[in-house]
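Report on the following structure.
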2 protein chains.
Amino acid sequence: MTKQTARERLARAAFELFDERGYEQTTVDDIADRAGVGRTTFFRHYRSKEEVIFPDHDRLLARIDGRLTTSSSGTALVAVSDAVRLVLLHYLEEGDLARRRYALTSKVPALRDREIASVARYQRLFREFIAGWMGDSGASSLRAELMSAAVVAAHNHVLRRWLRGDSADPVAEVDAAMRDVIGLFPVADPAASPAAPGTTVVAFSTGKGLDALLPELRRLLEGDG
Amino acid sequence: MTKQTARERLARAAFELFDERGYEQTTVDDIADRAGVGRTTFFRHYRSKEEVIFPDHDRLLARIDGRLTTSSSGTALVAVSDAVRLVLLHYLEEGDLARRRYALTSKVPALRDREIASVARYQRLFREFIAGWMGDSGASSLRAELMSAAVVAAHNHVLRRWLRGDSADPVAEVDAAMRDVIGLFPVADPAASPAAPGTTVVAFSTGKGLDALLPELRRLLEGDG
DNA sequence: GTAACGACGGTACGCAGTACCACGACGGGT
DNA sequence: ACCCGTCGTGGTACTGCGTACCGTCGTTAC
C-alpha cells in the first residue's frame, strides 16, 4: 500500500464529486469528508475550491517566466512561440486530467472566468517580454500587445481543438499556427511590406486602377449609415 | 431636488467607500448603510458587490451584439472594428467613472479578473461573428481567433492609454490601431478574390468619409503601381 | 374602500475562506 | 528514557457574500 498523501486524496475526491454532482453542488466539506480529512486540511493544501482544478498553474507560469528570461532566440516572437509550445506540452502531459478540467470549465461560468484570468497572466508575461525585447517606444507597445494576443489566441485554438478530441497531432498544429502568427508580423522592411502601420489601405490591386475600385469603395461606405 | 433612486445612492456610496477604505475593506452592509437602505435592497439592484462597478456591461454587450448582427460592412473585420469603436466611445462617455473603475481594477486582483472575463466575452462575440462571416472551415477558424484577439488587444491598448491619461485623442488612436490590425490580415474576402498576389481593396476604416480617404488611396495606389 | 402590485426591510440560512488553538506523531539531543 | 521542537492535523468560531422567505408600507386601479 503506497501511502497516499492528503493532497492526492483530496484531488481525487474533488474530481469524483464534481463528476457526480457538479461543481457548484459540491461543498468543500463534501470533498474533505470523502477524502477522509478535516475541512481545515483542505484549505492547507488548496487555497480555494477552484485551485483543486488548477493546482500547478503557478509553477507553470514561473517556469515559463524563467524560460523567457533565459531565452536566446533570435526574435522575441520566436522565443515566445517556444514558450507557448512548453505550455501546450504541459497540458498534453496532463492528458485526461486536462480534458476533465476542460469539461468542467465549459460548464461552470465561474471556472471559465478563472481559466480566462489564468490565460491573461500568460499573455501579460508575453507582452512584457516582447515589449522589453523591443524598445519601449509607443509604437512598439501596440505591436507587443498584438503579438502576445495573437500568440495566446493561436495556442488556445490548438489546445481547445485537442481538448475536444479534434486534433491528432496538436504539436504539429501549434507549430503551424505559430508560423502563421509569426508570418503576420513581418520584420520591419518598409520597401517590402505594402501596408506600413499607420496607413489606411491595406490591400490593393495590381490589376485594376483606382477608377475600377471606386464603385466598390462607394458601395462599402454607403452600407454604413 | 430630484429624488434620487436607491440605485443611484448605492452606486455613489459604494464608490465613496471604495475610495476611502478600498474595495475589500468595504462590506455590502457598509454600502447599504451609507446609502440609507437595507442590505436586501442592495442585492435587488446589483447582483453582486462587483456589479456596482460594472453596472451596464451586459447592456453594452447586447448592443454590440445587435450592432454586429445588423452590420452591413464589407468585411467582418471592418464591422468588428466599428463595433470596437462603439465600445471605446462608451468608456469615453463614462469619463471620470471609467477612470475610477480603472483605478480599482488596477489595485484589486479580483476586479481585474472580472474585467478580463468581461473582455473575453466581447472577444468571443467577435470571434463567432468573424467565424460566421467566413465559412466555418478549419483554417479560417484560427484566422477568426487571431482577428478577434488582435482587435480586442488593440482596443485595450488604446483604452488603457486613455485611462492612464496618456492619450489626448483616443478615437483617432483607435482608428489608427484598427487600421494596423486590418493591415495584419491581408485580404479577407473569399467571394471577391482568392488570396493571390494582386488582389482587390477590401478593407478600410469607415471612420472617415470616402472623400477624406481618396487622397490617401491615390497616393498609395500610385506609389506602388 | 379594498384589492392587487411593487419596492423595501429584516431574519435566517448556506457556503467559502480565515484565524486561532489544541492534540498527536516524529526525530534529535542530552 | 526523557524532554523538546516541529509539522501535519482536526476543531471551533468568525467574517462576509449571496439567497430565500416573509411581513410591511405606499401607490394605483377598480
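Residue numbering restarts at 1 for every chain, and letters A, B, ... go by the order of the sequence lines. Computed from a prediction, not measured in an experiment: that's the story for all the values here.
In this structure, the CD1 atom of Ile53(B) is 14 Å from the C1' atom of dC17(D), given to the nearest Å. One interatomic measurement links the two molecules: CZ of Arg9(B) to P of dC8(C), which rounds to 8 Å at whole-angstrom precision. In this entry the distance linking NZ of Lys49(A) with C1' of dT18(C) reads 17 Å, nearest Å. In this structure, Phe42(A) atom CZ and dT18(C) atom C1' are separated by 14 Å, rounded to whole Å. Residue Tyr46(A) contributes atom OH, which lies 22 Å from atom P of dC15(C) at whole-angstrom precision. dC21(D) atom P lies 16 Å from atom CZ of Arg39(B), rounded to whole Å. In this structure, CZ of Phe43(A) is placed 17 Å from P of dT12(D), rounded to the nearest angstrom. If you measure from atom CG of Leu10(B) to atom C1' of dG9(C), you get 13 Å, rounded to the nearest angstrom.
Cation-pi check for Lys49(B) over Tyr23(B) is met; the charged atom lies under 6.0 angstrom from the ring centroid and within 45 degrees of its normal.
Put simply, the residue from Arg34(B), Arg21(B), Arg9(B) that forms a salt bridge (Lys or Arg N to Asp or Glu O under 4.0 Å) with Glu16(B) is Arg34(B).
Between dG10(C) and Thr40(B), no contact under 4.0 Å exists linking OP1 or OP2 to a side-chain N or O. Phosphate proximity of dT9(D) to His45(A): present, with a side-chain N or O under 4.0 Å from OP1 or OP2.
Of the candidate nucleotides dG10(D), dC8(C), dG17(C), dG10(D) has the atom nearest to the side chain of Val37(A). Of the candidates dA16(C), dG18(D), dC8(C), the closest approach to any side-chain atom of Thr41(B) belongs to dC8(C). Checking dG18(D), dA16(C), dG17(C) against every side-chain atom of Thr27(A), the shortest atom distance belongs to dA16(C).
Checked for salt-bridge contact, Glu94(A) and Arg101(A) meet the test: a charged N lies under 4.0 Å from a carboxylate O.
Aromatic pair Tyr122(A)/His57(A): ring centres closer than 6.0 Å.
Take the nearest nucleotide of DNA chain C for Glu24(A) and for Gly36(B): the residue whose nucleotide is more 5' is Gly36(B). Each of Asp29(A) and Arg44(A) was assigned the nucleotide of DNA chain C with the nearest heavy atom; the assignment lying further toward the 5' end belongs to Asp29(A).
When the shell of 6.0 Å around CZ of Arg12(B) is examined, it contains 12 or fewer heavy atoms from other residues, nucleotides or ligands.
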